[in-house]
Amino acid sequence: MTQRTASAQRTTSESDVSVTLDLDGTGTSTIDTGVPFYDHMLTALSKHSLIDLQVRAQGDVHIDVHHTVEDTAITLGWALRDALGDKAGIRRYGDASVPLDEALAQAVVDVSGRPYFVHEGESEAQRYHLIGGHFTGSMTGHAIESLAFQAGLTVHLRLLAGRDAHHIAEAQFKAFARALRTAVEPDPRAHGVPSTKGAL
């Protein structure tokens with residue numbers, strides 16, 4: 001399999017984002033988005049997916065973190081899509097359940113080329129809770145959805161249990177990371193694109 005690395009840049013009036021990733025890394029990362037809790041989540045995403053990540057973002061966080069979180073996820077999605085190439089030889093599907101103390105999340109990923117996102121289980125309280133004083137709980141689903149749509153992933157993300165807002169968000173990011181790790185990794189038994197259509 002050829003080297004699976006990519007870089008992407010997105011610049012708007014609201015943010016300036018650059019991303020470099022390596023799908024066959026060791027989970028090392030350098031993350032600086034100006035949103036501390038999001039940095040924590042992207043560091044966890046890198047660590048548990050084994051995707052090396054370098055992310056730098058500057059945005060209008062004095063207004064709200066929404067633009068920076070969304071634009072970073074979009075740029076990550078672009079880089080992931082490019083690094084996957086024609087998707088030949090990958091497992092394609094990944095499924096992971098991850099606990100974090102009282103919280104439990106499940107993620108299922110299909111590197112389908114057909115963007116779709118289903119998110120279930122979060123309470124209204126979680127969606128409006130400010131984590132770390134900056135990151136609204138609703139940003140968990142929005143970030144993963146934005147990444148999935150740009151990368152061409154089908155993602156089903158379910159929160160199965162949880163009370164602590166930090167744990168709820170982190171369990172979901174980690175579950176997504178573990179499912180993504182399996183979905184994008186090389187399958188030694190597979191040859192060609194894992195679809196009867198011959199393309200993903």
Side-chain angles (χ1 to χ4, degrees), residues 2-87 90 94 107 109-117 119 131-132 134-155 157 169-170 172-181 183-185 200:
T2 59
Q3 191 174 31
R4 301 190 302 162
T5 61
S7 296
Q9 177 89 28
R10 177 180 168 85
T11 302
T12 71
S13 62
E14 298 169 342
S15 68
D16 183 9
V17 183
S18 62
V19 170
T20 298
L21 61 76
D22 182 351
L23 295 183
D24 301 305
T26 59
T28 61
S29 62
T30 303
I31 313 289
D32 182 9
T33 66
V35 184
F37 186 75
Y38 195 34
D39 291 353
H40 181 42
M41 293 301 95
L42 294 180
T43 300
L45 175 63
S46 172
K47 183 70 173 180
H48 295 283
S49 67
L50 295 182
I51 296 172
D52 289 350
L53 277 181
Q54 293 182 11
V55 178
R56 184 198 58 77
Q58 292 181 311
D60 54 1
V61 294
H62 60 287
I63 295 174
D64 188 10
V65 305
H66 186 108
H67 298 148
T68 300
V69 170
E70 178 180 63
D71 291 348
T72 299
I74 288 170
T75 312
L76 274 167
W78 290 350
L80 179 58
R81 179 197 63 209
D82 290 349
L84 283 164
D86 65 3
K87 308 179 185 76
I90 65 168
V109 171
D110 177 9
V111 185
S112 61
R114 297 184 308 278
Y116 208 90
F117 183 69
H119 190 205
I131 307 169
H134 301 91
F135 188 92
T136 309
S138 63
M139 288 291 94
T140 298
H142 188 54
I144 295 173
E145 178 180 44
S146 298
L147 189 161
F149 268 63
Q150 300 306 318
L153 309 178
T154 297
V155 178
L157 182 63
E170 188 167 346
Q172 290 181 89
F173 269 96
K174 286 180 175 177
F176 173 63
R178 292 291 299 195
L180 184 63
R181 171 180 169 178
V184 304
E185 73 182 1
L200 287 172

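None of the values given here were measured: they were computed from a predicted structure.
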- Message: For the residue pair Asp22 / Thr5, report whether a side-chain donor-acceptor contact shorter than 3.5 Å exists.
- Response: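 Judged by distance alone, the side chains do not pair up.
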- Test item: side-chain donor near acceptor, Thr154 and Asp110, under 3.5 Å: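 There is no such pair (donor and acceptor under 3.5 Å, judged by atom type) between the side chains of Thr154 and Asp110.
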Exam field: side chain [X] to backbone [Y], donor-acceptor pair closer than 3.5 Å:
X	Y	value
Asp16	Gln58	no
His142	Thr140	no
Thr28	Asp52	no

- Hey, mind stepping through Ile144 and Phe173 against side-chain contact (heavy atoms from CB on, under 4.5 Å) and telling me if it holds? CA-CA 8 Å; Ile144 295 173; Phe173 269 96; 4.2 Å; yes
Indicate the atoms forming the closest heavy-atom contact of [X] with [Y], along with that distance.
X	Y	answer
Pro115	Ala148	CB-O, 4.3 Å
Ala107	Ala179	O-CB, 3.5 Å
Val69	Tyr38	O-OH, 3.0 Å
Leu200	Lys87	O-NZ, 3.1 Å
Ala73	Ala143	CB-O, 3.2 Å
Gly59	Thr68	CA-OG1, 3.3 Å

Measure the [atom1]-[atom2] distance between [X] and [Y] for me, rounded to the nearest 0.5 Å.
X	Y	atom1	atom2	result
Arg56	Ile31	CZ	CD1	12.5 Å
Leu23	Leu50	CG	CG	11.0 Å
Asp82	Ser7	CG	OG	9.5 Å

So do the side chains of [X] and [Y] get within less than 4.5 Å of each other, counting heavy atoms only?
X	Y	result
Ser15	Thr12	yes
Val155	Leu180	no
Leu76	Val55	yes
Leu84	Val184	yes
Ile90	Arg4	yes
Val17	Ile74	no
Glu170	His40	yes
Met139	Met41	no

- Message: Suppose we call two aromatic rings close when their centres sit under 6.0 Å apart. Are Phe117 and His119 close by that rule?
- Response: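 Under 6.0 Å, so yes.
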- Is the shortest distance from a Lys or Arg side-chain nitrogen in Asp71 or Arg10 to a carboxylate oxygen in the other one below 4.0 Å?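 Counted as a salt bridge, because a side-chain N and a carboxylate O are separated by less than 4.0 Å.
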- Could I get the full list of side chain to side chain contact (heavy atoms under 4.5 Å, CB included) partners for Ala177, not counting sequence neighbours?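 Ala177 satisfies side chain to side chain contact (heavy atoms under 4.5 Å, CB included) with Leu45, His48, Ser49 once adjacent residues are dropped.
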